[in-house]
Amino acid sequence: MRSVTYGVAVLAAVGIMFAIARMPNKETSPDQTGSEASTEIQPASSVQQAAARVMEEAGSLTLHVPEMHCPFGCYPAIKKTLESSEAVQEVQLAEQKVEGAIDNPQVIINFTKGFNVDAAIAALKAKGFDNSSVVQ
């Protein structure tokens, strides 16, 4: 009886290995179309050159941070992250309708010349605050 059980287990393992070996690779799948088929990883240098938005004058801007949910944990983490840049003078929480809650997930950044907007957004993303963007 034991040998039958071992035989079934071996056949199951071989079947699983065969199925995994025959699975299509996402990179070479022939059924991809449009933008999915043309997605490539660009070299880091070209991504940085294309995305760098460095402010040429001092000023302020508002960032929308949709992942900011609480004024006691999220906002201080965002403030600390943004103020780690030498070009950031101050980070303020935008006006909220209800005190003690985040109902307007935006921060106002006062900066000096040379503030890199994309680096700030990337730093927020690295801390878990995805999809942050500049409010127009």
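- Heavy atoms of other residues, nucleotides or ligands lying less than 6.0 angstrom from NZ of Lys79 number more than 12.
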- prompt: Hey, mind stepping through Thr81 and Phe129 against side chain to side chain contact (heavy atoms under 4.5 Å, CB included) and telling me if it holds?
  reply: CA-CA 11 Å; Thr81 300; Phe129 298 101; 5.7 Å; no

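- Asn104 pairs by the side chain to side chain contact (heavy atoms under 4.5 Å, CB included) definition with Ala94, Gln96, Gln106, not counting sequence neighbours.
- Between atom CG of residue Asp103 and atom CD of residue Glu95 there is a gap of 9.5 Å, rounded to the nearest 0.5 Å.
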query: Given the rule in the side chain to side chain contact (heavy atoms under 4.5 Å, CB included) test, do Ile121 and Arg53 qualify, once you have shown the distances and angles that lead to the verdict?
result: CA-CA 11 Å; Ile121 291 173; Arg53 288 184 284 174; 3.9 Å; yes

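- Taking a 4.5 Å side-chain heavy-atom cut-off between Ile, Leu, Val, Met, Phe, Trp and Tyr, the cluster of Val54 contains only that residue.
- For the pair Ile102/Leu93, a side-chain contact is recorded, criterion being any heavy-atom separation below 4.5 Å from C-beta on.
- The backbone N or O of Val91 lies less than 3.5 Å from a partner atom in the side chain of Glu83, making a donor-acceptor pair.
- Note that NZ of Lys113 and CD of Glu56 are 7.5 Å apart. Values are rounded to the nearest 0.5 Å.
- Annotation for Phe111 and Gln89: closest pair O-OE1, 4.0 Å, computed over non-hydrogen atoms.
- Distance alone, capped at 3.5 Å, is enough to place a donor-acceptor pair between the Thr112 side chain and the Ala87 backbone.
- In terms of modelled atom types and a separation under 3.5 Å, the side chain of Ser85 and the main chain of Leu82 share no donor-acceptor contact.
- The CD atom of Gln92 lies 9.0 Å from the OG atom of Ser60; values are rounded to the nearest 0.5 Å.
- No continuous path of ILVMFWY side-chain contacts below 4.5 Å connects Val117 to Val135, so the two sit in separate hydrophobic clusters.
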task: Could you walk me through whether Leu63 and Ile78 pass the side chain to side chain contact (heavy atoms under 4.5 Å, CB included) test, one step at a time?
output: CA-CA 11 Å; Leu63 280 183; Ile78 290 167; over 6 Å; no

- prompt: Should His64 and Asn131 be marked as a side chain to side chain contact (heavy atoms under 4.5 Å, CB included) after you check the CA-CA gap, both sets of side-chain angles, and the distance that decides it?
  reply: CA-CA 8 Å; His64 178 72; Asn131 301 320; over 6 Å; no

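- Interatomic distance, CD of Glu90 versus CD1 of Ile108, reported as 9.0 Å (0.5 Å rounding).
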